[in-house]
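Atoms within each ligand, like the ligands themselves, are counted from 1 in listed order. Everything quoted here is computed from the prediction, not taken from an experiment.
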Amino acid sequence: MLLTIATTHSPATELGHLLHKHPDRCQSFSLTFGQAHVFYPQAQPERCTAALLLDVDPVKLVRGKGARLEQYVSDRPYVASSFLSVAIAQVFGTALSGRCKDKPELAQTPIPLVAKISVLPCRGGENFLRQLFEPLGYTVSAQSHTLDEEFPDWGQSKYFTVELQHTLPLSDLLSHLYVLIPVLDDDKHYWVNEDEIEKLLRHGEGWLTKHPARAQITRRYLKRQHRLTREALAQLAEEDNPDPDSAEESHAEEEAAVEKPISLNQQRMNAVIAALKKNNAKRVIDLGCGQGNLVKSLLQDSFFEQITGVDVSHRALEIAQERLDRLRLPRNQWERLQLIQGALTYQDKRFKGYDAATVIEVIEHLDLPRLGAFERVLFEFARPKTVVVTTPNIEYNVKFENLPAGKLRHKDHRFEWTRLEFQNWAKQVAEKFGYAVEFQSVGMEDSEVGSPTQMAVFNC
Ligand code: SAH
């Protein structure tokens, strides 16, 4: 299976920077299902072509499955399919996310590109192929192959050699291929679950909502699973017409996906709970509780006697309630819990009387000019003995493989702070309202950029 990507951008060999693969070298990568090789059949300043050759191991495909003949005699090793998407994500992951250390601007610049796929199975034929790529601006040429040259009566196969030509940023081309190849093939080599919605939305960002075939793309991408398709289409519709509650919901998933590889959420919950226990805080109010991540953990721990979650988003509270219902806790346990709708920037009597307040990944959602109001609501009026605040450390963002350079972790973040900025803010707040403050890092610490989450624990 061969994919080539050529450019006539001048100098064309800059394609090597964009792909993070040097034109003079032939490189091989081991994937779970075989080997991927990257090399350049052509590397001149006028024209440069990179090739991704995928050597899918047919024996690995059937191993452990109880071999059936059809599994040995299959087109999978020879055609473009979800294997190629996985190879693109693994071998060209940085380029796919639109990042390029050496040439950051070039990564965002439209350049003339031609992608050629040696064999692409197109269920739905050439028409469907054109319906997918032409609305995105590609010039498509497709050469169909007969089923068997010796038996022309058998007609045409579903296999095409395809050339796609367009002037666009390389990451857009890779995203289109990543999503649309398995859509044309109408199959996936792995089990499809909720994670797949997130991948579709992430790689479809900026083009899928407007694509005239988005419903078919979504259905096929999610292997025709009705529930997943419904969910994904609902989220796409929301992106088209954002309503703050539901946008928050899907963005929260995006943020979780960015941070997922290190299960940061769990580490954050553990650190917050440890800080609460250390300060003997048994009555806790979680401000900006969202979908109830922390509330859920507190409820499952009998140390905590009273737990209140507050959020401005009615939808988030509804989801939190559903998630908590699923815990099926005994009735008397529920008496410890309360979920209330409220805004953190307005004085509220209901926030008073707790040992501790937690503000987990919330301050970065507030407009900077409103931060002062929030400080007074919390530290002056509610005034719990302990306050735990966490927020992303922006310095760490360079470590997230799937986060494009310069982007914040979540669409609704109004800001993200460096360690110094956060500590300066927290020290000034502590001094103003008569608290002492200590800092802690959460998640794997990097010697240069620190840890992904920063935490401040205030006490008065
Ligand atoms: N603490 C949760 C959610 C973080 S997302 C967690 O760690 O999972 C940020 C949350 O803050 C969202 O649910 C959003 O609705 C809420 N939020 C943002 N601005 C708010 C405000 N002014 N008042 C109350 N909640 C707010």
*Below 4.5 Å, heavy atoms only, C-beta onward: do Ser175 and Leu96 meet side chain to side chain?*
yes
*Flag Asn293 as yes when one of its N or O atoms lies below 3.5 Å from any N or O atom of ligand 1, and as no otherwise.*
yes
*Among Phe374, Phe458, Phe351, find the residue that satisfies the ring pair (Phe, Tyr, Trp, His ring centres under 6.0 Å) test when tested with Phe379.*
Phe458
*Does an N or O anywhere in Ile360 fall below 3.5 Å from an N or O of ligand 1?*
yes
*Heteroatom proximity flag, His365 to ligand 1, N/O under 3.5 Å*: no
*Among Asp348, Leu287, Leu344, Thr390, which residue places a heavy atom closest to atom 21 (C) of ligand 1?*
Leu344
_Least distance between heavy atoms, Gln300 atom then Leu327 atom_ = NE2-CD2, 3.5 Å
_Any donor-acceptor pair under 3.5 Å linking the side-chain atoms of Thr94 with those of His20?_
no
*Taking it one step at a time, do Tyr435 and Lys385 satisfy side chain to side chain contact (heavy atoms under 4.5 Å, CB included)?*
CA-CA 9 Å; Tyr435 279 74; Lys385 184 180 148 288; over 6 Å; no
*Parallel, tilted or perpendicular: which fits the ring planes of Tyr221 and Tyr178, with parallel below 30° and perpendicular above 60°?*
tilted
*asked:* If the cut-off is 4.0 Å to any non-hydrogen atom of Gly290, which atoms of ligand 1 fall inside it?
replied: 3 (C), 13 (O)
*Check ring-ring contact (aromatic ring centres under 6.0 Å, His included) between Phe304 and all other residues, then give those that pass, not counting sequence neighbours.*
none
*Just distances here: any N/O of Gly288 and N/O of ligand 1 closer than 3.5 Å?*
yes
*Could you pull out, from Val362, Val377, Asp412, Thr453, the option with a heavy atom nearest to atom 11 (O) of ligand 1?*
Val362
*Verify side-chain hydrogen bond (donor to acceptor under 3.5 Å, both in side chains) between Gln341 and Asp311, making sure each step is shown before the conclusion.*
CA-CA 5 Å; Gln341 192 172 13; Asp311 206 284; over 6 Å; no
*Where ligand 1 meets Glu361 - atom numbers and elements under 4.0 angstrom, heavy-atom basis*: 4 (C), 5 (S), 9 (C)
*Which ligand 1 atoms does Gly342 reach within 4.0 Å, using its non-hydrogen atoms?*
23 (N), 24 (C)
*Against heavy atoms of Ser313, which atoms of ligand 1 measure under 4.0 Å?*
15 (O)
_If we set the cut-off at 4.0 Å for heavy atoms, which region of Leu366 has an atom near ligand 1: side chain, backbone, both, or neither?_
side chain
